[in-house]
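We use all heavy atoms of the structure for the numbers below, so side chains are in, but hydrogens, waters and symmetry mates are not. From a predicted model like this one, the values you see are computed outputs, not experimental measurements.
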Amino acid sequence: MSTRPELHVITNGRQGLEEVLAMAEAAYAGGMDYLHIREKQRTARECMDWVKALSTVMPSSCLIVNDRVDVAAASGCRGAHLAYHSLTPSEARLLLAKEQWIGRSVHSVKEAEAAAAEGATYALYGHLFPSGSKPGVPPRGTGELTSITAALSIPVIGIGGITPANTTQVLAAGCRGIAVLSGITDAHNVKEATAAYRNVLDTWEGRSI
């Protein structure tokens, strides 16, 4: 993974392919590093079609497929992101090429350490701040996040309610970058919204993490 703070964007599962193509192209132009295809309701065939289509508006090396390790392996994209119900990182590695990434969602120091021990390339921790996608669920904040980034040798990406205004709190906690959903996918001007996050990431004074 790179050393500059990363901007990950995650599809929201509510948009069709044409909408996502337009969103992704604008986000990539605005400074997005990686797009996660997180479409729980779609088949492997549909996810593969999405990877192929999205590869026409950005490099396939910028695409990460959530849960569908088979699609990630067959497409040769950047890698797969795993949830609690997915294969373990060690099982996913049996299918993926050694250069492909394996991400893992974690919610505690214990889960983060287990993900790293099992061979995850990076960990995704959240949700950090109040989020519309998690109504009624208290945010975790950055306290434990600081402990996780200190304990792990692999990069940690923060997620959940992140805005340009609170992005520096996430980076200050030791994260390699941030992951954003509605702040970009639902934006009226996706390119401008993405650029606002990118500007904070690139101008943060502690960016040499």
Side-chain angles (χ1 to χ4, degrees), residues 1 6-21 23-25 27-28 32-55 57-97 99-107 111-112 114-116 118-128 131-134 137 154-162 175-186 190 194:
M1 300 181 79
E6 297 172 1
L7 176 54
H8 296 235
V9 177
I10 302 177
T11 65
N12 58 28
R14 294 183 282 101
Q15 297 173 315
L17 179 55
E18 291 304 315
E19 287 180 278
V20 171
L21 279 169
M23 180 277 294
E25 185 172 20
Y28 186 68
M32 172 185 69
D33 293 303
Y34 303 105
L35 179 71
H36 294 237
I37 301 173
R38 183 176 181 269
E39 300 289 317
K40 298 178 181 180
Q41 76 281 22
R42 302 194 187 280
T43 64
R45 177 69 265 163
E46 289 174 312
C47 288
M48 178 63 85
D49 290 342
W50 277 47
V51 172
K52 291 180 177 179
L54 285 160
S55 295
V57 298
M58 69 180 64
S60 62
S61 58
C62 296
L63 297 172
I64 296 171
V65 183
N66 281 47
D67 193 36
R68 300 304 310 230
V69 179
D70 51 350
V71 174
S75 68
C77 66
R78 173 53 64 193
H81 185 84
L82 310 175
Y84 71 93
H85 58 262
S86 306
L87 299 178
T88 65
S90 58
E91 290 167 340
R93 180 54 69 196
L94 297 174
L95 301 174
L96 297 174
E99 68 273 11
Q100 286 184 289
W101 291 357
I102 298 174
R104 181 71 164 84
S105 293
V106 301
H107 306 93
E111 287 184 11
E118 291 169 0
T121 311
Y122 69 90
L124 185 74
Y125 176 85
H127 67 290
L128 297 175
S131 171
S133 63
K134 303 279 187 180
V137 181
I154 61 173
V156 179
I157 305 298
I159 189 173
I162 299 175
C175 277
R176 176 65 59 81
I178 61 172
V180 179
L181 281 83
S182 59
I184 289 177
T185 62
D186 294 347
V190 170
T194 307

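- Considering all non-hydrogen atoms of both residues, Ala72 and Gly79 come closest at CB-O, 3.6 Å.
- Residue Val57 comes nearest to Tyr28 through the heavy atom pair O-CD2, 4.0 Å, listed as atom of the first residue, atom of the second, then distance.
- Using a 4.5 Å heavy-atom threshold, the side chains of Ile178 and Leu128 count as separate.
- Considering every non-hydrogen atom in both Glu118 and Pro89, the closest pair reads OE1-CD, 2.9 Å.
- Within the 4.5 Å cutoff, side-chain heavy atoms of Asp186 are placed close to those of Arg14.
- Separating the OG1 atom in Thr121 from the CZ atom in Arg104 is a distance of 13.0 Å, to the nearest 0.5 Å.
- Counting heavy atoms from C-beta on, the side chains of Tyr34 and Ile157 never come closer than 4.5 Å.
- Taken to the nearest 0.5 Å, the CG atom of Leu87 stands 6.5 Å off from the CG atom of Leu95.
- Using a 4.0 Å cut-off between charged nitrogen and carboxylate oxygen, Asp49 and Arg42 do not count as a salt-bridge pair.
- Residues Ser55 and Leu63 are in side-chain contact: their nearest non-hydrogen atoms beyond the backbone lie under 4.5 Å apart.
- Taking NE2 from His36 and CZ from Arg78, the interatomic distance works out to 11.5 Å, rounded to the nearest 0.5 Å.
- Minimum interatomic distance between Ala123 and Val106 (heavy atoms only, all atoms of both residues): CB-CG2, 4.0 Å.
- Looking at heavy atoms from C-beta onward, Lys52 lies out of side-chain contact with Ser75 at the 4.5 angstrom threshold.
- Summarising the geometry of Val190 relative to Ala27, their closest heavy-atom pair is CG1-N, 3.7 Å, with the distance given to 0.1 Å.
- In this structure, the side chains of Leu35 and Met58 come closer than 4.5 Å at one or more pairs of heavy atoms.
- With rounding to the nearest 0.5 Å, the separation of CD1 in Ile37 from CG in Asp67 is 13.0 Å.
- At a threshold of 4.5 Å between non-hydrogen side-chain atoms, the residues Ile102 and Leu82 count as touching.
- Checking side-chain atoms of Gln15 against main-chain N and O of Thr185 turns up a donor-acceptor pair under 3.5 Å.
- Ser60 places no side-chain N or O within 3.5 Å of a backbone atom of Cys77 that could act as its donor or acceptor partner.
- Atom NE2 of His81 and atom CG of Leu124 lie 4.5 Å apart (nearest 0.5 Å).
- Not one N or O on the side chain of Asp33 forms a donor-acceptor pair closer than 3.5 Å with the backbone of His8.
- The shortest side-chain heavy-atom distance between Val69 and Leu96 falls under the 4.5 Å cut-off.
- In this structure, Glu39 CD and Arg68 CZ are separated by 12.5 Å, a value rounded to the nearest 0.5 Å.
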